[in-house]
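Everything below concerns the one structure shown next.
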Amino acid sequence: MSSHAHPKPAPLEIRFWTPGVLVLFAVMLIGVCFIIARYIGGLAVVTNLDNQHPWGLWIGIDVATGVALAAGGFTTAAIAHVFGRHQYEAVTRPALLTATLGYTFVAIGLAIDVGRSWAMPKPLLFWQGNSVLFEVAMCVVVYLHVLYIEFITIAVERFRGRVNLPGPFSILNDRIERLLALADSILGKTMWVFIIAGVVLSCMHQSGLGSLMLIAPTKLHPLWYTPILPLLFLTSAIAAGYPMVVFETTVATASFKRVDEMEVLAPLTGVTKYLLGIYITLKIGDMIFRETYVYLFDGSIESRSFIVEMLAMIVPWFMLMSPRLRAKRHTLFVACTTVVLGIALNRCNVFLIGFNPPYAVKSYFPSISEIAITASLLCSITFFYRLAVTYLPVLSAPSLASIEKESS
Amino acid sequence: MNISRRHFLGVAGGMISSAAAGNCKKVFAARQPKAPPNPYGCVVDLTACVGCRTCEQACNRVNHLPPPKERLDDRTVLDQKRRPSTGAFTVINSYYSGRLDEQNQLVPTYVKVQCMHCQDPACASACITGALSKKDNGAVHYDKSKCVGCRYCLVACPFQIPAYEYFDPLTPRVRKCTFCYERISMGGKPGCAAACPMEAITFGNRQILLEGTRRKITANPVRYLNKIYGESEVGGTSWMYISKDPFEKLGFLSLPHYPMPHLTETIQHSIFAYMWAPITLFAILTGAMWKINPEQINHAPGFQAQEDHI
């Protein structure tokens, strides 16, 4: 950490619409067209799902990977707020934003995927404690609320003392101010409960996602089917948290022309080498214990996908071991991006590639429209991230221009 | 005094630890199989089935489905290895096990496929709302008013039976054999069992059926393999099969003999009994925050306090 205090988070105050944002917006609109088609013609029109492959790309990427990669939110909250490592405060807000957007779009993705979108609240009425999916759904619902409550503090900070509605709405100014003050005082006293609840809820549903496939021992490939799958999902999500923060912070600071925050990111990934080490040890230990290494080199799609997945964990693990490579922005970015992709591949392996129903006559591959909708959701997350950091105090890295001015 | 106190502590400690151990046993005990005590069942005698598909027709009629697409006299559909679908809850496929008749012709075996109505079904354990449930009369029953459409039942079913109405944009249903729930509740037989001209499907109390079937196999050791498929597969199923040919040559899967929900429910109920795991984790983290980062709990508006510490 440098000697001067890290600047406070502030809205970026940049031009929002750029050519890149227009492209994002176009991809979002294309996705909306396919979503409309899904609600006119049913899932059959837009997906390649069938009775043997009931879960496809949307579950593998939008939901499972989305949840895993939103782990940056609770892992940074844990290190900065619970374990008091205040040097990492700078990345908690962007990670919280990513988690909030991530989970919001997990919910939207699920709503598109389930057949009766309007029936989504039914699990709140009909509890089914034996169902892993019920537990995951409940945790995600509660956690989504926790994330928004944590996010309110950012909005309060931005608007408190500055509420100035135009024209006839100005009579509301005073009331909104009082509401913001009330929220500030209540949240100030109770925020610790939400922070800890967020970590607990995350641990519960991250592992719960791993338990989902344990009900289908005859369908999931033995390379992935293990009783410790929930533990593997939990440890891999925790290990992926900081690399995801590095990935998004590096992309954001580069595209917004900000200082790269390496003084925060490099030490943060020092923790990752242990977390990743735990996950890799569990994974390899499990493979040796269950003797599933016999499938490793049988040349099947599954074996190759498993090897790629493992390499995408092991190679960056070795890279992160070296303080020299961790200190360099490019190598750190490459290592962390590889971890992020490896986690995504792991989730796809468990839910799609490793899922082989014995009676299936053909294998599943996502349709163009499934890919378009997934791309649309990913672009939406990016779009709203930019919108939030433009108008709300999320990012705290000073702009490169201001640093140059200072030094000259 | 001292001794009696020690004695008291010892007894108290023993009581506490044995109570804790008892509770732990309850928490960590492996899941016990669930099954209705006295369900109905069906036994399909594959040596009697001639592949006439009258059962398919009867099934579609009693379930108000459109009549089978393929005409009953079209024998080629038997070779298609069809699966149950939204428009057909039961289908018949033919298999050649390699057995020859007197004219050296391959003898086909016809296999009726429908929901097995597991005693301890994976779909019902998986279902997020309990829209699928095992009824006391043996039927695995689907209640569309609870269904969300998540299709986890399709993922969970080891026999790959449930079919989904993918073409319906807003109100798709999971479709599968109902065991003619209404008919058997009123003392009738399932539509297919009532219609079978060869009497290949025997309907009745599952326990009594099993005993009778065992006697039948013992009395006809040449006609039947000594095996009832579904007696113990996935913890037992309400629909069972007997055959002359090995089941693996007839499209039957080799499945575990424990109920499919065993592992998931053991894990879930171990972690969430009395919510001990989440509560413990919450307590540990609160303790850690209290010790390491107390200002978060004491005064700080969570995110604003940070500046003072850097």
Side-chain angles (χ1 to χ4, degrees), chain A residues 1 5-6 8 38-44 47 49-52 54-55 81-84 86-87 89 93 114-116 118-120 122-123 126 128-135 137 153-154 157 184 187-188 191-192 195-197 199-200 203-204 211 214-218 227 230 357-359, chain B residues 81 83 85 122 124-131 146-152 154-156 158 160 162-172 253 255-256 260-261 263-265 267-269 271-272 277-278 281-282 285-286 288-289 292-293 296-297 299-304 306-307 309-310:
Chain A
M1 191 84 212
H6 203 282
K8 267 176 97 85
R38 176 254 176 267
Y39 283 108
I40 293 172
L43 289 164
T47 69
L49 299 176
D50 55 37
N51 291 331
Q52 318 303 336
W55 286 357
H81 301 317
V82 180
F83 299 115
H86 298 290
Q87 64 268 36
E89 299 275 4
R93 282 196 181 185
V114 301
R116 299 166 167 239
W118 49 272
M120 285 274 276
K122 278 189 178 169
F126 306 110
Q128 214 285 75
N130 293 328
S131 171
V132 180
L133 193 60
F134 173 77
E135 180 241 315
T153 50
I154 298 178
E157 181 190 312
D184 201 14
L187 290 179
M191 189 45 69
W192 67 273
I195 290 168
I196 295 176
V199 177
V200 174
C203 290
M204 283 159 71
S211 304
L214 294 185
I215 201 148
T218 56
Y359 288 124
Chain B
K81 305 287 177 285
R83 299 292 305 160
S85 64
S125 168
C127 182
I128 184 167
T129 55
K146 287 185 179 175
C147 182
V148 176
C150 67
R151 308 186 296 283
Y152 193 22
L154 278 74
V155 171
Q160 291 167 244
Y164 199 66
E165 293 179 328
Y166 285 104
F167 46 82
D168 187 327
L170 288 173
T171 54
L253 301 172
L255 293 170
M260 291 290 100
L263 181 57
T264 48
E265 287 193 19
I267 293 175
Q268 288 301 100
H269 293 305
I271 294 175
F272 291 104
L281 182 57
F282 195 97
L285 290 172
T286 309
M289 192 189 256
I292 307 169
N293 191 22
Q296 183 75 56
I297 298 179
H299 69 96
F303 292 88
Q304 275 95 325
Q306 49 184 280
E307 296 313 312
H309 307 288
I310 299 172

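Not measured: the values here are computed from a predicted model. First the proteins, then the strands, lettered A, B, ... as listed; each starts at 1.
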Portion of Ile196(A) that has a non-hydrogen atom of chain B nearer than 4.5 angstrom: both
Ion pair Glu89(A)/Lys8(A), N-O distance below 4.0 Å: no
Contact origin within Ala277(B) toward chain A - heavy atom pairs under 4.5 Å: neither
Which atoms of Thr218(A) approach chain B - backbone, side chain, both or neither, heavy atom under 4.5 Å: side chain
side-chain contact (heavy atoms from CB on, under 4.5 Å) partners for Ala163(B), two or more places apart: Asn51(A), Thr86(B)
Which atoms of Leu263(B) approach chain A - backbone, side chain, both or neither, heavy atom under 4.5 Å: side chain
Sidechain-backbone polar pair: Ser211(A) side chain, Thr264(B) backbone, donor-acceptor under 3.5 Å: no
Short side-chain to backbone donor-acceptor contact, Tyr39(A) and Pro169(B), under 3.5 Å: no
Option that, when pairs with chain B are counted at under 4.5 Å, heavy atom only, ranks first among Phe126(A), Phe134(A), Phe83(A): Phe126(A)
Which atoms of Pro256(B) approach chain A - backbone, side chain, both or neither, heavy atom under 4.5 Å: side chain
Partner chain A: residue of Pro158(B), Cys147(B), Gly130(B) with the largest heavy-atom pair count (under 4.5 Å): Cys147(B)
Listed partners of Leu253(B) passing side-chain contact (heavy atoms from CB on, under 4.5 Å), at least two apart: Pro358(A), Tyr359(A), Tyr229(B), Leu255(B)
Region of Ile267(B) that comes under 4.5 Å of a non-hydrogen atom in chain A: side chain
When Val199(A), Leu133(A), Leu214(A) are compared by non-hydrogen pairs under 4.5 Å with chain B, the top option: Leu133(A)
